[in-house]
Protein chains: 2
Amino acid sequence: MTTLKDLSRALGLSVTQVSRALNGHSDVSAATRERVMEAAKILNYIPNIAARRLVSGRSGTVGLVFRNRSEVPPDTLFVETTCGLSEFFAEHDLQFMLHVGRLTDDEIKVYRRLVDSRTLDGFVILNPVVDDRRIAFLREREVPFVVHGRAAPDSAHPYFDIDNEEVAHRLTRHLIERGHRRIAFINGLRSLTFVEARQRGYARALAEAGIAYDETLHVAVEMTESAGLVESVRFVAHMAERPTAVICGNTRIAKGVYRAVEAAGLSIPGDVSVVAHDDLLFEFDSERFNPPLTVTASALSESWKPMATFLARAIDGGYPLAQMQEIGRTVFIERASVATV
Amino acid sequence: MTTLKDLSRALGLSVTQVSRALNGHSDVSAATRERVMEAAKILNYIPNIAARRLVSGRSGTVGLVFRNRSEVPPDTLFVETTCGLSEFFAEHDLQFMLHVGRLTDDEIKVYRRLVDSRTLDGFVILNPVVDDRRIAFLREREVPFVVHGRAAPDSAHPYFDIDNEEVAHRLTRHLIERGHRRIAFINGLRSLTFVEARQRGYARALAEAGIAYDETLHVAVEMTESAGLVESVRFVAHMAERPTAVICGNTRIAKGVYRAVEAAGLSIPGDVSVVAHDDLLFEFDSERFNPPLTVTASALSESWKPMATFLARAIDGGYPLAQMQEIGRTVFIERASVATV
DNA sequence: CTGTTAGCGCATTCAC
DNA sequence: GTGAATGCGCTAACAG
């Protein structure tokens with residue numbers, strides 16, 4: 001393999017100057033830079049990453065860590081996430097590493113090892129929870145990270161998020177405007193920050209309309225089709241006063257609700273109205289639901305690019321927080337799954 | 001961070017000796033080793049990977065490369081694969097890296113970059129095809145790799161595979177024994193080595209029974225539920241002489257076949273018999289098909305551990321090929337999806 | 001603009 | 001058994 005030394009010999013320059021030319025330093029004559037670049041190309045020079053890392057103290061690698069397999073998100077989402085991140089980090093010359101720990105390991109232990117051994121320069125945090133230990137640890141150790149979501153609405157860390165409180169508020173308000181007053185919400189698992197944000201939006205919309213918050217109508221489940229099915233069966237079949245509308249945390253849940261309603265011989269929106277938030281996952285098309293589903297929508301797939309960019313900036317340092325935070329756009333799409341009562 | 005130098009100072013030993021003690025060299029007194037180990041633990045010594053890499057010339061990282069996003073396998077399979085590999089490589093102290101290239105890149109270019117920059121010490125190759133360019137490249141450059149499958153039945157490289165020819169032969173023979181003579185095979189996409197192996201097994205079983213090979217009955221499709229559905233609709237509805245039995249490359253395809261048969265108002269096994277190979281994916285349970293599906297089965301999830309082990313051995317070097325190759329066990333499970341004709 | 005010097009942390013000669 | 005010396009390939013002071 002060609003090294004800097006080889007290049008310097010071939011060019012009659014010092015190793016230092018070759019290094020500077022290659023790294024785009026300003027104090028190199030244009031002519032020299034030309035020559036060096038060309039020689040590098042001809043001799044197929046590729047920098048030795050290990051050496052660079054040793055001297056820079058960085059690994060050039062960022063990672064996504066799962067404590068264990070059961071923590072890995074459901075299928076499509078995982079593919080979207082890993083592929084999207086891998087792709088965009090590559091654009092920033094960062095290696096992307098997936099790390100799945102063992103069941104037995106403590107959550108933070110995995111992070112500690114990765115940080116201490118300088119294996120990773122930065123982390124991607126998914127599904128932040130309230131008082132997230134990972135975030136606390138990385139903060140304390142001053143390790144760069146970017147969060148998909150926020151630790152809190154005013155979090156002082158790099159993140160990409162959507163306005164989840166607004167999403168839930170919007171959906172709830174829409175139903176209220178159509179005359180609904182018994183509105184169920186099949187939300188995600190509690191302690192996830194976005195779930196809490198949505199709960200706030202839901203509660204606020206109800207309060208604004210003078211509707212009492214009924215905790216039996218707000219359920220926390222894993223955001224899967226089967227959970228949606230189970231919960232709506234409960235609503236439809238077993239509840240004394242059946243809700244007239246259901247808000248679903250995502251389209252998977254909505255799918256389950258559709259199936260349950262159909263199985264019960266009821267109809268949407270005739271017997272029950274349904275709305276959801278749509279992450280625009282590849283596998284589900286809320287427009288092709290029958291009837292087409294009214295949703296708030298934001299493309300999850302568009303979050304990876306800013307995430308990668310923000311983490312790259314955090315690692316480079318010197319960027320103001322504002323350039324490492326973004327609230328993605330959300331649109332409200334009215335279709336045919338809501339009836340006026 | 002604690003370095004070897006710190007340890008040596010604290011212990012009054014030379015850096016060399018500390019290094020030797022930590023790395024389990026034989027020429028270190030037991031007493032010294034004790035002391036060093038203890039000090040390392042107390043001072044929380046963690047070797048600097050970059051330094052180690054620089055001197056060893058290795059990256060300590062292995063990877064799975066996809067040319068681009070469209071090459072990533074369907075959902076569940078991808079999760080199984082990445083999580084399984086990541087987990088078992090960790091046991092061998094190898095970092096696992098997922099790399100998804102850009103659409104525009106040449107297949108080999110990605111590998112070349114990764115090899116030349118010494119980013120990866122070894123590769124995992126999935127879905128080998130006949131005359132696989134990746135395998136050719138890695139061989140030529142003498143880079144360690146392990147294949148899920150084989151380049152050819154007698155391949156001289158590390159691999160984990162099952163006997164795909166035998167699988168297809170077994171399924172076909174079973175149908176023949178039950179009197180079937182028009183047997184369709186919904187196989188995977190051509191050029192994949194396992195698809196060709198299965199085709200051989202299928203053809204051989206037919207030949208042994210004196211049944212002419214009818215190429216219109218052997219179709220190559222992506223191994224998805226929808227493809228299974230489409231192809232069997234073709235068989236059932238449009239074919240002059242409908243096949244009495246269908247062999248499916250996996251349970252996804254079988255699912256599609258079941259749906260098509262049901263949609264056509266026909267029954268399994270009354271109107272058509274169905275068998276499949278079952279990778280025992282988490283999401284599909286062939287036993288709970290209606291009727292329960294007769295299959296050959298092998299657990300895909302059991303392939304990651306040997307794969308990781310074999311690649312680790314290939315990187316370490318000095319292992320005979322036999323210790324880096326394995327044919328996983330396959331069982332035949334007869335259930336209720338085949339009728340005697 | 002360019003070259004010299006030094007050192008990142010570690011493992012491996014080679015001596016004793 | 002142990003230590004001193006050397007170098008992996010690269011970048012960052014420091015001089016000129």
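Since we're looking at a predicted model, the values are computed, not measured. A, B, ... follow the sequence lines: proteins, then strands. Residue 1 opens every chain. When reading the values below, keep in mind they use all heavy atoms of this one structure, side chains included, and skip hydrogens, waters and symmetry mates.
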Axial bend angle, the helix from C:dC1-D:dG16 to C:dC16-D:dG1: five-pair end segments, nearest 10°: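 If I round to tens, the end axes sit 40° apart.
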Sequence-distant partners of B:Ser14, side-chain contact (heavy atoms from CB on, under 4.5 Å), two or more places apart: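 In terms of side-chain contact (heavy atoms from CB on, under 4.5 Å), with neighbours along the sequence ignored, B:Ser14 is linked to B:Thr16, B:Gln17.
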Please output the side-chain donor-acceptor pairs of residues 28-36 of chain B that fall under 3.5 Å, not counting sequence neighbours, one pair per line with the distance.
{"unit_1": "B:Ser29", "atom_1": "OG", "unit_2": "B:Thr32", "atom_2": "N", "d": "3.1"}
{"unit_1": "B:Ser29", "atom_1": "OG", "unit_2": "B:Thr32", "atom_2": "OG1", "d": "2.6"}
{"unit_1": "B:Arg33", "atom_1": "NH2", "unit_2": "B:His25", "atom_2": "O", "d": "2.4"}
{"unit_1": "B:Arg35", "atom_1": "NH2", "unit_2": "B:Leu11", "atom_2": "O", "d": "2.8"}

Heavy-atom protein contacts under 4.0 Å, nucleotides 4-11 of chain C, coded B base, S sugar-phosphate only, - none: BB-BBBSB
Nucleic acid contacts - residues 29-44 of chain B versus DNA chain D, non-hydrogen atoms under 4.0 Å: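 Per residue number, the list reads B:Ser29, B:Thr32.
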Nucleotides bounding contact with chain A, strand DNA chain D, heavy-atom threshold 4.0 Å: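 Both ends considered, the range comes out as D:dG9 to D:dA13.
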pair A:Asn23-A:Ser19: side-chain heavy atoms closer than 4.5 Å: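 They are in contact (side-chain heavy atoms under 4.5 Å apart), so the answer is yes.
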Heavy-atom check, side chain of A:Val100 versus side chain of B:Phe96, under 4.5 Å: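 A:Val100 vs B:Phe96: side chains apart.
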Partner residues of B:His157 under the ring-ring contact (aromatic ring centres under 6.0 Å, His included) criterion, sequence neighbours left out: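 Residues passing ring-ring contact (aromatic ring centres under 6.0 Å, His included) with B:His157: B:Phe145, B:Tyr159.
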Counterpart residues, ring-ring contact (aromatic ring centres under 6.0 Å, His included), relative to A:Phe160 (two or more places apart):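 Checked A:Phe160 against ring-ring contact (aromatic ring centres under 6.0 Å, His included); zero matches.
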Distance-only check: which donor-acceptor pairs under 3.5 Å involve side-chain atoms of residues 49-58 of chain A, not counting sequence neighbours?
{"unit_1": "A:Arg53", "atom_1": "NE", "unit_2": "A:Ser59", "atom_2": "O", "d": "2.3"}
{"unit_1": "A:Arg53", "atom_1": "NH1", "unit_2": "A:Ser59", "atom_2": "O", "d": "3.4"}
{"unit_1": "A:Arg53", "atom_1": "NH2", "unit_2": "A:Ser59", "atom_2": "O", "d": "2.6"}
{"unit_1": "A:Arg53", "atom_1": "NH2", "unit_2": "A:Thr61", "atom_2": "OG1", "d": "3.3"}
{"unit_1": "A:Ser56", "atom_1": "OG", "unit_2": "A:Arg52", "atom_2": "O", "d": "2.9"}
{"unit_1": "A:Ser56", "atom_1": "OG", "unit_2": "A:Arg58", "atom_2": "N", "d": "3.1"}
{"unit_1": "A:Arg58", "atom_1": "NH2", "unit_2": "A:Ile315", "atom_2": "O", "d": "3.2"}

Identify each donor-acceptor pair in which a side-chain atom of residues 129-136 of chain B lies under 3.5 Å from a protein atom, sequence neighbours left out, and give them as a table.
{"unit_1": "B:Asp132", "atom_1": "OD1", "unit_2": "B:Arg134", "atom_2": "N", "d": "2.9"}
{"unit_1": "B:Asp132", "atom_1": "OD1", "unit_2": "B:Arg134", "atom_2": "NE", "d": "2.9"}
{"unit_1": "B:Asp132", "atom_1": "OD1", "unit_2": "B:Ile135", "atom_2": "N", "d": "3.4"}
{"unit_1": "B:Asp132", "atom_1": "OD2", "unit_2": "B:Val129", "atom_2": "N", "d": "3.0"}
{"unit_1": "B:Asp132", "atom_1": "OD2", "unit_2": "B:Arg134", "atom_2": "NE", "d": "3.4"}
{"unit_1": "B:Asp132", "atom_1": "OD2", "unit_2": "B:Arg134", "atom_2": "NH2", "d": "2.7"}
{"unit_1": "B:Arg134", "atom_1": "NH1", "unit_2": "B:Leu126", "atom_2": "O", "d": "3.3"}
{"unit_1": "B:Arg134", "atom_1": "NH2", "unit_2": "B:Leu126", "atom_2": "O", "d": "3.0"}
{"unit_1": "B:Arg134", "atom_1": "NH2", "unit_2": "B:Asn127", "atom_2": "O", "d": "3.2"}

Salt bridge present between A:Arg9 and A:Asp6 (N-O < 4.0 angstrom):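 So A:Arg9 pairs with A:Asp6 through a salt bridge.
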N-O pairing of B:Arg141 and B:Asp116 below 4.0 Å: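 Salt bridge present between B:Arg141 and B:Asp116.
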Listed once per pair and sorted, the ring pair (Phe, Tyr, Trp, His ring centres under 6.0 Å) pairs that draw on residues 105-134 of chain A, sequence neighbours left out: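 Of all non-adjacent pairs touching residues 105-134 of chain A, those that pass ring pair (Phe, Tyr, Trp, His ring centres under 6.0 Å) are A:Tyr111-A:Phe123.
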Sequence-distant partners of A:His92, side-chain hydrogen bond (donor to acceptor under 3.5 Å, both in side chains), two or more places apart: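 side-chain hydrogen bond (donor to acceptor under 3.5 Å, both in side chains) check on A:His92 returns A:Thr309.
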